[in-house]
A.B. asks: 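Dropping the structure in here first, questions after.
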Protein chains: 2
Amino acid sequence: MAATYREIKADILGRITRGDWPPGSLIPGEMELAESYGAARATVNRAMRELAEDGIIERKRKSGTRVRMSPLRQARFDIPVVRREIEEQGAAYRYALVSSEAVVAPDWLRARMALAAGTEVLHLVCLHFADAAPWQHEDRWINLGLLPQARDADFATSVPTEWLMSQIPFSAVEISISATAADRALAAHLDCSAGDPLMMTERLTRWNDQTVTYVRLVHRPGHRMTTRY
Amino acid sequence: MAATYREIKADILGRITRGDWPPGSLIPGEMELAESYGAARATVNRAMRELAEDGIIERKRKSGTRVRMSPLRQARFDIPVVRREIEEQGAAYRYALVSSEAVVAPDWLRARMALAAGTEVLHLVCLHFADAAPWQHEDRWINLGLLPQARDADFATSVPTEWLMSQIPFSAVEISISATAADRALAAHLDCSAGDPLMMTERLTRWNDQTVTYVRLVHRPGHRMTTRY
DNA sequence: GAGTGGTCTAGACCACGCC
DNA sequence: GCGTGGTCTAGACCACTCG
């Protein structure tokens, strides 16, 4: 009866999917399960904790553990670094800078990045290619108040994402995904027609409660994000 | 120096963000950290395991633990049940069935769902409203070979998702997100113009290696999925 | 072979949340 | 109160992998 936490987790999940413990029902307590599996309570605890993280069950002190009514809670999507994403498909990665300009942040951007009036930002437009085909269009604004050294960085050769990671490797991020229509410029860069629907990823990066950079990544036509579980 | 795994995790993360341990560098071993925090190795292990799950560090036996080069690996998005999503905003949820029809699966669907030739499917079209406003358009196909009882279910009153969960509560799922353009019918249902860009979520649900249902959920114009970390 | 993380145990105390 | 999960400890053995 010696059991690993993986075996216990699989067994409990099996009982749930098999219908022995239907949604909403109460699962036996940790001590009881530990005894029936011939394992320590810590081992059962780990199995149960992971099932709770996976959104399968719900745990509460005193009341015990219940099977969730609706199991599909959240999905993880990989947010890959574009270079890797492309190279992992066996394509060659190429980067190109379209434009680079230091400007005073316009109102809409100041609001979005929570910047003080008059703050300067570096506005970059660049493209990422997989072999010859355009893969992603990047429209980025970097807070020059926080990162003045961005003025002197050579973004014709450094990929902004990679340069930024060398400056502030870890930070808080807010990611948002939506659908947008290609305007004329995007259509030209991404080799599609104006008005075509495109997926857009926006990312706000914060550091010490200040916004470092805001980026809009527009993916090539037909791009999908997929996940299994 | 008594420390909880949360404190240890926060402290390690702090050292990483502060730059004490830059990307790619080797972090001290569990025993060493346990001693310096005055904690048991199991406690340090839990902190480190979670940091690894979060994609901050990378662990390997024998070689030790390293800070990841690129921290942004994956993001979790909530995949809410539509009824909840709407009610949590304080709006009233309303469901409407547009059409329901049992048909032999067309070729494109057979390929996608991996069905045998001649398999019948129930094709449902329905709408989800938040107060008076259309929120989501649902186009669903249910495998009648696997779920013949779907013929007799009353989808004018039962929401398909909820009915399905009562039949097969737990299952393997493949989710995919993309951008699409509204056709005439979608535009009419979602109260927008034909050609408008819309987010679409597709979901394939499997059970015992058979596909139970395939659904296309098209979200209202302007819909976003957001996450922070 | 030896070092590092991966896991398990047996026991303990704590904290939340019902009654 | 008191039962349930949440966490910690000290020690042990195992498994992977590098040199």
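Because only heavy atoms are used, hydrogens play no part in the values below, and waters and symmetry mates are left out as well, while side chains stay in. Every chain is numbered from 1, with letters handed out A, B, ... down the list of sequences.
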A.B. asks: Taking the nucleotide of DNA chain C with the closest heavy atom to each, which residue, Lys62(A) or Arg61(B), is nearer the 5' end?
C.D. replies: Arg61(B)
A.B. asks: Take the protein atom CD1 of Ile57(B) and the nucleotide atom P of dT4(C), then report the distance between them rounded to whole Å.
C.D. replies: 15 Å
A.B. asks: For the side chain of Glu30(A), starting at C-beta, report the closest nucleotide among dG6(D), dA12(D), dT4(C).
C.D. replies: dG6(D)
A.B. asks: Are Glu58(A) and Arg68(A) within salt-bridge range, i.e. N to O under 4.0 Å?
C.D. replies: yes
A.B. asks: Rounded off to whole Å, could you give me the CD1-to-P distance for the Ile12(B) and dG5(C) pair?
C.D. replies: 11 Å
A.B. asks: dC8(C) C1' sits how many Å from Tyr5(A) OH, rounded?
C.D. replies: 12 Å
A.B. asks: So if I take every side-chain heavy atom of Arg59(B) and compare against dC18(C), dG6(C), dC18(D), which nucleotide ends up nearest?
C.D. replies: dG6(C)
A.B. asks: Find the distance Lys60(B):NZ to dG5(C):P and express it as a whole number of Å.
C.D. replies: 13 Å
A.B. asks: Tell me the interatomic distance from Glu7(A), atom CD, to dT7(C), atom C1', rounded to whole angstroms.
C.D. replies: 12 Å
A.B. asks: Base, sugar-phosphate, or nothing: which does Arg49(A) touch, judged by heavy atoms less than 4.0 Å apart?
C.D. replies: nothing
A.B. asks: Please compare Arg46(B) and Arg41(B) by the position of their nearest nucleotide in DNA chain D and report the one closer to 5'.
C.D. replies: Arg46(B)
A.B. asks: Give the rounded distance in Å between these two atoms: CD1 of Ile27(A) and C1' of dT4(D).
C.D. replies: 14 Å
A.B. asks: CD of Glu50(B) versus P of dC8(D): gap in Å, rounded?
C.D. replies: 10 Å
A.B. asks: For Asp154(A), is there any backbone N or O sitting under 3.5 Å from a side-chain donor or acceptor partner on Ser158(A)?
C.D. replies: yes
A.B. asks: Is it true that Lys9(A) and Asp54(A) make a salt bridge, defined as a side-chain N closer than 4.0 Å to a carboxylate O?
C.D. replies: yes
A.B. asks: Between dG6(C), dT9(C), dC18(D), which nucleotide has the shortest distance from any of its atoms to the side chain of Ser63(B)?
C.D. replies: dC18(D)
A.B. asks: Hey, does the side chain of Thr65(B) come within less than 4.0 Å of dT4(C)'s phosphate (OP1/OP2), counting only N and O?
C.D. replies: no
A.B. asks: If you measure only the distance, is there a donor-acceptor pair under 3.5 Å linking the side chains of Arg66(B) and Ser25(B)?
C.D. replies: no
A.B. asks: So, does Arg203(A) use its side chain to make a donor-acceptor pair with the main chain of Ile175(A) at under 3.5 Å?
C.D. replies: no
A.B. asks: Whole Å only: how far is the CD atom of Glu53(A) from the P atom of dG6(D)?
C.D. replies: 10 Å
